[in-house]
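Have a look at the structure below, then the notes.
Bear in mind the structure is a predicted one, so any value in this text is a computation, not a measurement. Sequence lines set the chain letters: A, B, ... in the order given, protein chains first and strands last, and positions in each chain run from 1.
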Amino acid sequence: MIEITFPDGNKKSYEKGVTPEDIAASIASGLKKKSVAAFVNDELYDLNRPIEEDANVELITKDNEKALEVLNHSTAHLLAQAVKRLYPDARFGVGPAIDEGFYYDIATEHTIKEEDLPKIEQEMRRIVKTQEEMQREEMTREEALKRFKDDPYKKELIEELDEGETVSIYTQGEFVDLCRGGHVGNTRHIKHFKLLSVAGAYWRGDSDREMLQRIYGTSWFTEEDLKKHLDLLKERRERDHRKLGKELRIFMLSDKAGQGLPIWLPNGYTVRRVLEDYVYKLEKKRGYHHLSTPVLGTKQLYETSGHFTHYRDDMFSVMEDEDETFVLRPMSCPHHAIVFDSELRSYRDLPIRYAEIVTQHRYEKSGALTGLERVRAMTLTDAHIFARKDQIKEEVLSAFYLIQQAIHDLNLEIDYIELALRDGDKGKFHPDDALWDEAEAVMRELLDEEGIDYKEMTGEAAFYGPKIDIQVRTALGHVITMSTVQLDFLLPERFDLTYIGKDGNKHRPVLIHRGLVSTWERLMSILLEQYKGAFPTWLAPVQLKIIPVADAHMDYAEKLHEQFIDEDLRSELDRREEKLGYKIRDAQTKKIPYQLVVGDKEVEQNAVTYRKYGEKDQHTVTIEEFKTIIEQDIRDKT
RNA sequence: GCCGGAAUAGCUCAGCUGGUAGAGCAACUGACUUGUAAUCAGUAGGUCACGGGUUCGACUCCUGUUUCCGGCACCA
């Protein structure tokens with residue numbers, strides 16, 4: 001007999017070799033049904049894996065987050081088994097559970113197409129029906145190597161394990177897979193799943209190695225959950241900024257103008273100007289000085305900064321004219337460094353904060369380009385703060401809080417914060433360890449002191465220094481880097497920047513790079529998706545639409561329209577001779593925040609009847625009242 | 001850049017095994033003068049992404065290119 005201790009402290013005796021499933025059944029039949037796996041002494045156990053000694057056992061039920069992961073992982077195995085039956089030459093890479101699903105990487109002569117997915121799914125369902133037991137087996141590394149000798153990918157994975165490590169494999173029917181485990185125990189537990197797509201993926205994520213075929217899928221405990229998830233995927237497609245951006249005439253892309261070179265249409269540019277203005281004022285209040293520098297710079301400038309050597313491949317071609325050589329700038333710090341260096345600086349002048357609306361060009365790989373999210377010409381508000389070492393914490397934090405404010409005003413939410421650090425890669429990061437140690441320590445310290453939660457990411461730093469990256473989750477579920485504060489000791493060296501200290505000697509300033517709300521392009525893609533194209537009034541390209549009931553009311557409507565335009569409201573008047581319902585529908589599909597209907601009643605009362613986008617109620621108010629309402633709305637930014 | 005898929009009217013899409021294209025919406029014209037999501041009728045609109053090939057004949061089959069989409073890699 002062995003003794004099992006439950007999370008609530010209760011203990012119970014069981015036969016040696018009892019499985020989590022048995023334990024669940026012994027407590028309640030409902031619990032057995034709900035259980036998916038278990039933590040046995042904090043190790044993930046399959047439902048059918050025997051427990052050989054006294055242990056702490058926590059059953060993982062379907063409502064536990066881990067349960068879905070186990071289910072999806074098991075579904076990946078099921079997928080592999082089905083693929084192997086249909087394409088016997090198939091060899092397998094890795095097949096993990098991921099957020100919202102799973103995938104498996106496959107090597108086979110057969111090119112797997114989207115049309116093949118139903119066939120594979122069908123085979124999977126067949127295996128579910130025959131209720132294959134997913135049997136765990138443990139062996140030495142050497143045995144495992146023998147077992148998988150014809151499986152180059154699995155073999156490679158095993159070879160990387162330490163000598164003497166125990167390897168576990170799982171067998172279900174004729175299919176055997178190398179796997180650490182945590183499985184549902186039997187294929188019959190897998191019921192509600194769908195294969196979603198096929199894609200290519202490099203073996204081990206290494207672009208120098210071969211590409212495998214990857215099948216993505218998703219698996220759930222109930223049909224409702226599966227359906228809900230599929231609906232969510234559909235909803236995300238509806239929110240796609242490329243679709244909305246086209247419908248609402250926000251931006252366009254044209255192969256005639258150039259791949260990845262977006263064109264801002266009047267609607268989009270209006271939103272952008274509002275954002276630019278907002279940021280300009282925000283920065284102005286925080287002591288930033290705005291300036292403007294050219295999109296073209298000498299190659300020498302970027303050689304000095306180090307960007308040219310680091311990012312040569314991601315820059316547009318070098319331009320040569322007579323004896324000068326230029327590049328399209330990929331970023332703006334060198335220009336700002338030069339401005340700093342153009343005058344003698346005293347310690348009293350610091351910090352100096354330069355901000356600029358910068359257009360920059362990067363030769364992004366063609367496959368990376370995506371709508372406004374990833375482009376080759378982008379504009380952003382970029383800032384560089386030149387400070388003394390004793391000012392670092394204050395300046396980094398103030399930049400951080402500025403970012404927080406902007407993200408809040410845009411109705412976005414910080415998902416998490418990353419502290420990006422270097423790793424041992426001397427080619428990727430500048431080699432001065434002392435500078436790195438100091439910079440990384442300061443960043444860590446200030447985050448800790450301020451009680452800001454963050455994840456450390458080694459190997460993710462910029463080549464010149466550590467970064468604090470602010471990650472935002474978009475409405476489509478992507479996590480993107482929205483903002484960044486980077487501490488740089490290197491560029492001031494490279495440009496030999498100095499200021500005169502209290503002691504009368506020259507000192508080296510530090511450089512803090514600050515990206516506020518990504519680029520306008522990317523921000524627009526995020527906002528479009530966030531608001532589903534229905535911009536809040538302060539951002540909306542058209543804030544209100546005046547709709548006269550009939551021609552007779554046109555004069556009144558014209559007068560209103562003029563008044564609103566004078567008040568700096570973005571007003572439009574529908575002058576078409578159409579039915580009221582038709583014009584209203586048009587205003588609605590354009591997602592205009594306020595639609596104003598004016599007819600006999602309004603003319604008589606000097607009033608407007610408005611309806612807010614997304615609301616059902618209509619309100620009749622005087623013109624003055626309406627102005628107060630919309631102006632308040634604009635101030636609220638909601 | 002890599003793997004796979006796609007490209008038909010301004011937009012959304014149909015077009016079977018090869019016989020040179022069609023709908024809805026939008027646009028334009030006319031009638032209707034309207035009270036909260038589509039009034040009716042008519043007109044016009046396409047080198048079927050581009051180049052080459054197979055064929056008596058290609059939107060359809062083959063091939064190259066371009067762009068887009070799903071991923072991977074990359075992202076100062």
Is it true that [X] and [Y] have a side-chain N and a carboxylate O under 4.0 angstrom from each other?
{"X": "A:D437", "Y": "A:R422", "result": "yes"}
{"X": "A:D382", "Y": "A:R514", "result": "no"}
{"X": "A:K84", "Y": "A:E123", "result": "no"}
{"X": "A:K428", "Y": "A:D423", "result": "no"}
{"X": "A:D433", "Y": "A:K426", "result": "yes"}
{"X": "A:E247", "Y": "A:K243", "result": "yes"}
{"X": "A:K299", "Y": "A:E303", "result": "yes"}
{"X": "A:R214", "Y": "A:D105", "result": "yes"}

If only side-chain N and O atoms of [X] are considered, is one of them under 4.0 Å from the OP1 or OP2 phosphate oxygen of [N]?
{"X": "A:R576", "N": "B:rA27", "answer": "yes"}
{"X": "A:R242", "N": "B:rC69", "answer": "yes"}
{"X": "A:Q213", "N": "B:rC3", "answer": "no"}
{"X": "A:K583", "N": "B:rA37", "answer": "no"}
{"X": "A:Y582", "N": "B:rC25", "answer": "no"}

Could you tell me how far [M] sits from [N] if I compare only their [atom1] atoms? Round to whole Å.
{"N": "B:rG35", "M": "B:rC40", "atom1": "P", "value": "16 Å"}
{"N": "B:rU43", "M": "B:rC2", "atom1": "C1'", "value": "50 Å"}
{"N": "B:rG10", "M": "B:rA27", "atom1": "C1'", "value": "8 Å"}
{"N": "B:rG57", "M": "B:rG19", "atom1": "P", "value": "14 Å"}
{"N": "B:rU34", "M": "B:rG15", "atom1": "P", "value": "45 Å"}
{"N": "B:rA9", "M": "B:rA21", "atom1": "P", "value": "15 Å"}
{"N": "B:rA14", "M": "B:rG24", "atom1": "C1'", "value": "11 Å"}
{"N": "B:rC48", "M": "B:rA37", "atom1": "C1'", "value": "34 Å"}

Fit a plane to each ring of A:F429 and A:W436, take the angle between them on a 0 to 90° scale, and name the class: parallel (under 30°), tilted (30 to 60°) or perpendicular (over 60°). perpendicular

Classify the nucleic acid contact of [X] as base, sugar-phosphate or nothing, counting any heavy atom under 4.0 Å across all strands shown.
{"X": "A:D255", "answer": "sugar-phosphate"}
{"X": "A:D208", "answer": "nothing"}
{"X": "A:E114", "answer": "nothing"}
{"X": "A:T609", "answer": "base"}
{"X": "A:R611", "answer": "base"}

What integer distance in Å separates [X]:[atom1] from [N]:[atom2]?
{"X": "A:K256", "N": "B:rU65", "atom1": "NZ", "atom2": "P", "answer": "21 Å"}
{"X": "A:L596", "N": "B:rG35", "atom1": "CG", "atom2": "P", "answer": "18 Å"}
{"X": "A:K113", "N": "B:rG4", "atom1": "NZ", "atom2": "C1'", "answer": "9 Å"}
{"X": "A:R237", "N": "B:rU12", "atom1": "CZ", "atom2": "C1'", "answer": "16 Å"}
{"X": "A:K590", "N": "B:rA38", "atom1": "NZ", "atom2": "P", "answer": "16 Å"}
{"X": "A:E210", "N": "B:rC3", "atom1": "CD", "atom2": "C1'", "answer": "12 Å"}
{"X": "A:K579", "N": "B:rA41", "atom1": "NZ", "atom2": "P", "answer": "13 Å"}
{"X": "A:E615", "N": "B:rA37", "atom1": "CD", "atom2": "P", "answer": "15 Å"}

Side chain of [X], heavy atoms from C-beta onward: which of [options] has the nearest atom to it?
{"X": "A:L580", "options": "B:rG35, B:rC32, B:rC72", "value": "B:rG35"}
{"X": "A:A199", "options": "B:rA37, B:rG70, B:rC2", "value": "B:rG70"}
{"X": "A:D551", "options": "B:rA37, B:rU34, B:rU33", "value": "B:rU33"}
{"X": "A:V549", "options": "B:rA37, B:rU34, B:rG1", "value": "B:rU34"}

Could you write out each protein N or O paired with an N or O of nucleotides 73-76 of chain B at a distance under 3.5 Å?
from	atom 1	to	atom 2	distance (Å)
B:rA73	O2'	A:S207	OG	3.1
B:rC74	O2	A:R374	NH2	2.7
B:rC74	N3	A:R374	NH1	3.1
B:rC74	N3	A:R374	NH2	3.3
B:rC75	O2	A:R374	NE	3.4
B:rC75	O2	A:R374	NH1	3.1
B:rC75	O2	A:R374	NH2	3.4
B:rA76	O4'	A:Y311	OH	2.9
B:rA76	O2'	A:Y464	OH	3.2
B:rA76	N6	A:D314	O	3.4

Does NZ or CZ of A:R312 fall inside the cone over A:Y363's six-membered ring, less than 6.0 Å from its centre and within 45° of the axis? no

G-U wobble or Watson-Crick pairing nucleotide for B:rC68 (cut-off 3.5 Å, both distances): B:rG5

pair_partner(B:rA37), Watson-Crick or wobble, both distances < 3.5 Å, evaluates to none

If you assign each of A:Q618 and A:G260 to its closest nucleotide in RNA chain B, which residue comes earlier from the 5' end? A:Q618

Closest-nucleotide ordering on RNA chain B, the 5'-leading residue of A:A552 and A:V597: A:A552

base_contact_polar (B:rU36 base, A:Q595 side chain, donor-acceptor, <3.5 Å): yes

Does the base of B:rG35 carry an N or O that pairs as donor and acceptor with the side chain of A:E602 under 3.5 Å? yes

